[in-house]
Structures are given as C-alpha cells and as structure tokens.
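Step one of this worksheet: look at the structure below.
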Amino acid sequence: MQPTATMLDAKVPRYTSYPTAPHFHSGLGPENARQWISALSADKPVSLYLHIPFCDRLCWFCACHTKQTLRYEPVSAYLQVLHAEIAGVGRLLDGRVPVGAIHLGGGSPTMLRPNDLITLSQCLRNAFQVLPDADISIEIDPNDMDEQRLDALASFGMTRASLGIQDFDPRVQKAINRLQSFEQTAYVVDGARARSIDSVNLDLLYGLPHQTVESATSTLRRALQLAPDRMALFGYAHVPWMKKHQTQIKDEWLPDGPERYAQAQVVRTLALEAGYQAIGIDHFALPSDALTLASQQGRLRRNFQGYSADRCDTIIGLGPSAISQFDQGYLQNAPATGDYTRRIIGEGFATVRGVALTHDDRVRRWMIEKLMCDFRFSRAEAFNRFGTAADNMMSQAMQIAETETGSLCEWRSDHFEVTDTGRPFVRLIAARFDAYFTAPAGRHSAVV
Ligand SMILES: C[S@@+](CC[C@H](N)C(=O)[O-])C[C@H]1O[C@@H](n2cnc3c(N)ncnc32)[C@H](O)[C@@H]1O
Ligand code: SF4
C-alpha cells in the first residue's frame with residue numbers, strides 16, 4: 001500500500017512519554033520530587049539523566065534544549081549548581097538506592113573541560129551508589145573532541161559513546177550550520193575503542209535540507225564504515241515555531257513528504273542489508289547489541305532518551321529542563337538555566353511542572369510504549385498487569401483494528417498488532433490510544 005498524503009503530512013507526538021510533555025502542568029513541584037524520591041525502594045536500581053544545556057556551536061536543525069556560548073564561565077557556574085542538585089538528591093536517597101545507568105545529554109556534554117568531566121564523575125559517585133556495571137552513555141559532539149577529552153570520558157566510566165553525525169554531505173552540512181568531517185568522526189570512534197569503550201552509537205538524520213535519497217545513502221554507507229554497534233536514524237523534526245534558529249532552514253530546501261518517506265525507506269533497507277536489526281521506529285543495532293537482545297526479549301523501553309535496554313523503571317533527571325520518570329508520574333525541572341539556578345539555590349529542587357498518573361494513564365502508557373517498542377500488545381498481558389481495568393482499552397483496540405481502513409493494524413486472536421505496512425506510521429496508531437491527543441495543527445513533527 002502506498003501511504004497517502006494525509007498519512008505522510010500527519011503531525012503526531014513522538015511518544016517518549018505518556019502523557020506527553022505538553023500535558024505536564026504546574027500543579028506539581030519540589031514537594032512531589034521530595035516525596036517520590038524518598039519513596040524509592042532500595043532493591044530497584046534507578047537511572048540518572050544529566051542535562052548539559054550548552055554548546056560551543058549552534059546547529060540550525062537542532063531541537064534540543066541548549067544555548068550557544070563561546071565563554072566557559074557560564075558553564076563553570078552551571079556545574080556548581082548541578083553539583084548542588086546532585087548532592088541534594090544524593091542526601092535524600094542516602095546511599096539506599098543503587099544507580100544502574102547514567103546518561104549525559106544536552107546540548108553538548110563534551111563541551112565540559114576534561115577536569116570538569118572528572119569532577120562531575122566524582123560528584124556523582126560521592127552522592128550515589130553507582131553500580132560497578134552501570135551503563136554510562138554520553139552524547140558526544142565529535143568536533144569538541146581531542147585526546148584529553150577522550151581520556152576524561154574513559155575516566156568517567158563511559159560504556160557507550162553516542163556521536164552526533166547527522167549527514168556527511170558538505171551541502172547539507174552548510175545548510176544546517178554543522179561542518180563535521182568524516183576523519184574527525186572516525187578519530188573519535190577509534191579513540192573511544194582504543195580506550196576499551198566498546199559500544200558506539202551514531203545519530204544520523206533524514207529529511208534534512210538538500211538531502212536526497214542518494215546523499216542519505218552515501219552518508220549511511222560512510223557511517224557503516226565506522227562499524228557502529230547502534231544507529232539512530234531520526235527523521236528531521238522541523239519545528240521552527242518552537243526553535244527560532246530553525247528558520248535559518250528555508251522550507252523550500254526541505255524534502256517533501258514522499259521524498260522523506262523514500263529516504264527513510266532506503267536508509268532502513270541499507271541498515272538491514274548490513275546486518276543490523278530494526279529496533280522500534282528509528283534505531284538499528286547489531287544482533288549482539290543489548291538493544292537487540294532487549295527487543296527480542298520484549299523488554300525494550302522508550303523514554304526521553306529514545307529507545308533503551310535499561311531495566312530501571314525510575315529515571316531521575318538533573319539539570320535545566322530535565323524530566324524525571326517515576327511510578328507515580330513525571331516531573332520536569334525549570335527549563336531556563338537562570339530560573340533553574342535560583343530554584344536549586346533557594347529550595348534545593350527545581351521542579352516546576354509534571355503530571356501524576358491516573359490508572360487510565362498507566363494502562364494507556366503501557367499500551368503506547370508497547371506499540372512504540374514491539375508494535376503489538378497482548379490482551380493476556382494487559383489483564384495480568386491491570387486486571388479488568390484493561391477491558392475498556394482492549395475493546396477500544398479491537399474497534400480500532402476493525403475500523404482501520406488502511407491495513408495499518410489488526411486484531412489477531414488475543415493481541416493488537418501493527419502490520420508491516422503500518423510500522424512507519426505507528427505514531428499515528430499510538431495517537432488513537434492517546435486520550436489527550438487533539439491534533440493541534442502544526443504543533444508536532446512529521447509522522448515519518
Ligand atoms: C543533544 S543532540 C547531540 C549531541 C551533540 N551535541 C552533537 O551535536 O553531536 C542529540 C541528537 O538529537 C538529534 N536531533 C537534534 N535535533 C533534531 C531534530 N530537529 N530532529 C531530529 N533529531 C534531532 C540529533 O541526531 C542529535 O545528534
Ligand atoms: S546538534 Fe549538538 S552541537 Fe548542535 S546545537 Fe544541538 S546539541 Fe548543540
């Protein structure tokens with residue numbers, strides 16, 4: 001089946017949480033953070049997410065929460081506050097709850113000076129009981145990297161290097177204000193592996209300005225020469241109403257819906273031919289990678305960092321804009337670094353919004369996460385988890401499968417399943433289970 005223009009032009013959430021972040025509200029604050037952290041159980045490790053909201057360059061395509069700074073003083077000042085937040089959460093946990101995973105994202109964590117990276121690692125280990133086999137992944141802007149930073153990341157205990165590439169075509173790089181040579185990228189991959197950091201993830205984008213099926217193919221082929229363990233092949237999210245600098249990218253430079261779809265299909269085919277397994281909607285991993293194993297064993301998770309093999313149910317977000325995920329719901333820190341700083345200094349926590357989950361939210365969250373990870377959910381498992389509260393949802397699922405005309409999904413004996421045709425459009429299907437979704441025009445990124 002050829003996708004229709006309506007399907008290709010649809011704008012739906014990326015479902016890295018449910019309810020999605022626009023539905024967080026200001027009714028939750030520091031008291032919830034204190035209570036929810038204090039209630040964590042000692043036998044379940046947690047994950048930490050640390051946000052570094054600075055970059056030394058600003059790429060026009062970027063939708064991340066970051067600010068360009070060419071001076072290091074704001075970064076040093078910010079790190080003092082981040083240390084205070086880490087120490088505060090550490091005191092609440094009092095070494096009771098182990099940390100099983102740490103993710104450093106941004107922005108650009110690699111903007112930190114080597115000494116600051118090492119001090120941050122010590123601060124985390126002073127505050128928390130970081131497990132010896134903790135999964136530690138760090139987002140790397142390859143242009144920042146040199147021998148000292150590679151050494152510092154190794155000392156940090158990094159187990160996965162996650163490098164941003166986006167595209168190697170000079171014309172595309174110029175249009176997105178991100179010049180990055182293949183040689184510099186290869187230098188970082190080789191440097192990480194030489195320091196026994198065995199897992200390498202590469203981020204690539206399709207749907208960028210001036211990109212074509214041929215240029216996307218050529219970029220993917222070059223990326224494959226680096227033999228990554230994982231790749232994220234994201235569709236470029238053009239959201240200039242949220243990110244002003246994206247207006248530097250002219251609409252007429254962007255591939256249209258069918259061209260984006262063709263690019264997505266070709267990079268996917270190439271990755272599969274190269275021996276990678278498709279994980280969820282936009283990740284590819286070697287058969288031996290933890291993400292593939294998690295996917296095969298039905299324990300793949302989706303959270304704000306994308307797809308994860310992390311076994312921890314709780315994520316504590318630290319830094320401006322960082323989102324925490326608890327059994328009770330989600331909490332988000334103040335996005336602006338100044339506001340975040342004042343709140344941490346004033347009250348120790350910077351939580352400004354969030355959402356507490358209702359029982360209905362929990363059932364829908366599980367169904368949507370299952371769809372985004374496994375493209376299916378079973379009635380038996382829903383009943384096991386939620387009892388008769390799952391009844392309504394299962395009737396709704398059957399109804400969706402029956403009335404769906406585009407053969408995107410079906411009901412099979414006891415489970416709801418997205419068909420192969422439907423997989424690229426799973427976000428559209430997930431939106432059917434989203435009780436908050438109202439399809440506001442132009443507020444989300446393109447479905448493919
Ligand atoms: C925090 S950023 C990258 C880390 C590092 N600063 C770098 O530039 O390499 C994480 C990833 O988000 C993805 N990303 C950023 N903006 C995006 C957008 N508008 N659409 C899709 N993906 C985007 C990029 O692939 C990027 O590598
Ligand atoms: S892509 Fe990375 S380096 Fe570029 S602006 Fe975004 S976070 Fe900064």
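Each ligand, and each atom within it, is numbered from 1 in the order the structure gives.
Less than 4.0 angstrom separates some heavy atom of G106 from each of these atoms of ligand 1: 1 (C). Within ligand 1, counting atoms from 1 as listed, the ones closer than 4.0 Å to a heavy atom of D203 are 10 (C), 11 (C), 25 (O), 26 (C), 27 (O). Atoms of ligand 1 found under 4.0 Å from any heavy atom of C62, numbered from 1 in the order shown, are 16 (N). Applying the 4.0 Å criterion to heavy atoms of Q246 picks out, from ligand 1, the atoms 19 (N). Residue G107 approaches ligand 2 through these ligand atoms, each under 4.0 Å from one of its heavy atoms: 7 (S). Heavy-atom proximity to G235, at under 4.0 Å, picks out these atoms of ligand 1: 20 (N), 21 (C). Numbered from 1 in the order shown, with element, the atoms of ligand 1 that lie under 4.0 Å from a heavy atom of L205 read 21 (C), 22 (N), 25 (O).
Side-chain contact, Y206 with Q265: no donor N or O sits under 3.5 Å from an acceptor N or O. Looking at Q263 and E259, their side chains do bring a donor and an acceptor atom within 3.5 Å of each other. The closest side-chain donor-acceptor pair between D310 and Q305, if any, does not fall under 3.5 angstrom. Looking only at atom types and distance, the side chain of D169 has no donor-acceptor partner in the side chain of Q211 under 3.5 Å away. Side-chain atoms of T419 and R423 form no donor-acceptor pair, as typed in the model, at a separation below 3.5 Å. Side-chain N/O atoms of Y15 and D434 include a donor and acceptor closer than 3.5 Å.
Judged by the shortest distance from any of its heavy atoms, I165 lies outside the 4.0 Å radius around the atoms of ligand 1. Using a 4.0 Å cutoff on heavy atoms, C55 does not count as a contact of ligand 1.
Geometric assessment of R113 against the ring of Y72 yields a positive cation-pi assignment under the 6.0 Å and 45° thresholds.
Ligand 1 has an N or O atom lying under 3.5 Å from an N or O atom of A63, backbone or side chain. Considering backbone and side-chain N/O of S108, one or more are found under 3.5 Å from N/O of ligand 1. Here's the thing with Q166: one of its N/O atoms is less than 3.5 angstrom from an N/O atom of ligand 1. On a distance-only criterion, L204 and ligand 1 share no N/O pair closer than 3.5 Å.
In the candidate list Y206, F61, W60, F61 is nearest to atom 14 (N) of ligand 1, counting heavy atoms. Of the listed options G107, G105, G164, G107 places a heavy atom closest to atom 4 (C) of ligand 1. Of all the listed residues (R178, E139, H238), R178 holds the heavy atom that lies closest to atom 8 (O) of ligand 1.
Atom 4 (Fe) of ligand 2 has C59 SG as its protein N, O or S neighbours under 2.8 Å.
Given atom 2 (S) of ligand 1, the protein heavy atom at minimum distance is C64 SG, 3.4 Å. Protein heavy atom in closest approach to atom 20 (N) of ligand 1: A237 N, 2.9 Å.
Among residues two or more places apart in sequence or in another chain, the ring pair (Phe, Tyr, Trp, His ring centres under 6.0 Å) test is passed with F54 by Y78.
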R302 vs Y18, side chain to side chain contact (heavy atoms under 4.5 Å, CB included): CA-CA, chis, key distance, verdict: CA-CA 10 Å; R302 183 155 172 87; Y18 182 81; over 6 Å; no

Intermediate values then yes/no, side chain to side chain contact (heavy atoms under 4.5 Å, CB included), L331 and F326: CA-CA 8 Å; L331 297 174; F326 295 90; 3.9 Å; yes

Compile the donor-acceptor pairs under 3.5 Å between side chains in residues 343-356 and protein atoms, sequence neighbours left out, one pair per line.
unit_1	atom_1	unit_2	atom_2	d
R343	NE	D339	OD1	3.0
R343	NE	D339	OD2	3.4
R353	NH1	Q332	OE1	2.4
R353	NH2	A21	O	3.1

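Closest non-hydrogen pair, A161 versus A192, comes out as CB-CB, 4.3 Å.
At a threshold of 4.0 Å, the pair R195-D151 counts as salt-bridged, since one of the basic side-chain nitrogens sits closer than that to a carboxylate oxygen.
Within the structure, every pair that satisfies the salt bridge (charged side-chain N to carboxylate O under 4.0 Å, His left out) test and touches residues 275-284, not counting sequence neighbours, is listed here: R14-D282.
Counting heavy atoms under 4.0 Å from ligand 1, residue F234 touches it through the side chain alone.
Between the NZ atom of K44 and the CG atom of L40 there is a distance of 9.5 Å, given to the nearest 0.5 Å.
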